[in-house]
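Numbers here simply count residues along the sequence, with the first being 1. Everything quoted here is computed from the prediction, not taken from an experiment.
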Amino acid sequence: MKNTTDEIRKRFDADVERFSNLETGQTATMDAALVLGLIENCISAMHPDAKHVCDIGCGAGNFTLRILRQIPDISCTLIDLSGNMLARAQERIASAGGKIEKVYQEDIRNLELPSNHFDVIIAAAVLHHLRSQEEWGAVLKNIHSSLVKGGTFWIWDLVVYDEMHVEQLQQERYADYLIQLKGEDYQREVFAYIDREDTPVSSSFMIMKMLEAGFGEVEIIHKNSKFCALYGKK
């Protein structure tokens with residue numbers, strides 16, 4: 001049995017500082033700083049005149065803050081389970097001069113997004129909390145409907161591999177990364193909360209479900225071991 005939504009919320013309420021470094025991002029994810037910069041630069045290149053961004057599972061606001069560096073007039077909608085994370089994100093965005101349009105302390109599975117509204121939607125390290133194919137389908141259709149034509153949806157998340165031998169190898173690579181980062185106890189801690197909380201899927205599954213939801217263009221922009229970044233365009 002996986003942790004409940006309330007149990008996950010409580011853990012994030014107590015872990016705000018780990019998600020508050022704009023330059024490194026969440027270091028428990030491999031290539032976090034690289035992907036922060038890559039998504040920031042891709043979005044600014046593809047949507048220089050974007051008006052609205054939505055950050056699903058925004059945490060302390062790192063991805064939104066990166067976009068604000070490139071598109072300072074963009075209006076930001078923030079969604080997260082954790083009130084503490086949302087408070088920190090709002091504080092940081094306000095300090096950077098950003099405009100906050102809406103704030104929702106809510107599970108994306110229970111929230112209907114406005115239709116044809118956002119130029120950009122981001123979900124970083126959040127959709128691994130979805131538990132079924134049906135939830136993936138419903139959330140992706142909600143996101144697709146909420147984008148304007150030509151808008152893009154960006155995912156950065158933990159993934160698995162369908163081939164068990166590849167999965168085992170990549171799991172070992174990720175374990176080695178965590179051990180080198182902070183030691184064996186930290187590696188065991190991270191793997192333990194992944195087992196308790198997360199239900200990752202493969203990148204091929206994400207692509208299939210995004211195409212089923214209506215995205216006309218889906219591309220992987222970076223993948224390393226257990227982490228993948230990709231986007232879909234409406």
Colleague: Flag the pair Ile194 / Val190 as yes when at least one side-chain heavy-atom distance between them is below 4.5 Å, and no otherwise.
Modeller: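 Side-chain contact under 4.5 Å: yes.
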
Colleague: Should Val35 and Trp154 count as side-chain neighbours, where that means a heavy-atom distance under 4.5 Å?
Modeller: no

Colleague: If the plane angle is over 60° it's perpendicular, under 30° parallel, otherwise tilted; pick one for Tyr174 and Phe227.
Modeller: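 Answer is perpendicular, since the angle exceeds 60°.
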
Colleague: Any chance NZ of Lys223 has more than 12 other-residue heavy atoms, nucleotides or ligands included, within less than 6.0 Å?
Modeller: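 Count over threshold, so yes.
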
Colleague: Any side-chain heavy atom of Tyr193 sitting closer than 4.5 Å to one from Asn3?
Modeller: no

Colleague: So, Glu217 and Tyr231: side-chain donor and acceptor under 3.5 Å apart, yes or no?
Modeller: yes

Colleague: If we only count heavy atoms from C-beta on, is the Phe205 to Met208 side-chain gap below 4.5 Å?
Modeller: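 Phe205 vs Met208: side chains touch.
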
Colleague: Might you work through the side chain to side chain contact (heavy atoms under 4.5 Å, CB included) test for Asp31 and Leu38, ending with a clear yes or no?
Modeller: CA-CA 10 Å; Asp31 294 342; Leu38 183 59; over 6 Å; no

Colleague: Tell me, yes or no, whether the heavy-atom count around Lys99 atom NZ, taken from other residues, nucleotides or ligands under 6.0 Å, exceeds 12.
Modeller: yes

Colleague: How far does CG of Leu68 sit from CD of Glu40, to the nearest 0.5 angstrom?
Modeller: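 The distance works out to 10.0 Å.
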
Colleague: Does the side chain of Thr199 come within less than 4.5 Å of Leu130's, by heavy atoms?
Modeller: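 The answer is no; the side chains never approach within 4.5 Å.
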
Colleague: Would you say that Met30 contacts Lys226 through its side chain, given a criterion of any heavy-atom pair below 4.5 Å between the two side chains?
Modeller: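 Sidechains of Lys226 and Met30: no contact.
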
Colleague: So, for Phe153 and His144, is the gap between ring centers shorter than 6.0 Å?
Modeller: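 No; His144 has its ring centre 6.0 Å or more from that of Phe153.
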
Colleague: Identify whether Ile79 and Ile39 are in the same connected component of the hydrophobic contact network (ILVMFWY, side-chain heavy atoms under 4.5 Å).
Modeller: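 Result: no, two separate clusters.
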
Colleague: Using a strict threshold of under 4.0 Å (side-chain N to carboxylate O), is an ion pair present between Asp185 and Arg188?
Modeller: yes

Colleague: Among all residues two or more places apart in sequence or in another chain, which pass the ring pair (Phe, Tyr, Trp, His ring centres under 6.0 Å) test with Tyr104?
Modeller: none

Colleague: Nearest 0.5 Å, what's the NZ-CD1 distance between Lys234 and Ile143?
Modeller: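 Taking NZ in Lys234 and CD1 in Ile143, the distance rounds to 12.0 Å.
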
Colleague: Take Arg11 and Glu197, measure what salt bridge (Lys or Arg N to Asp or Glu O under 4.0 Å) needs, and give me the verdict at the end.
Modeller: CA-CA 10 Å; Arg11 185 176 75 82; Glu197 292 186 2; 2.5 Å; yes

Colleague: Check this for me, if you would: do Lys10 and Asp13 make a salt bridge, where the nitrogen-to-carboxylate-oxygen distance has to be below 4.0 angstrom?
Modeller: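 Answer for the salt bridge query: no.
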
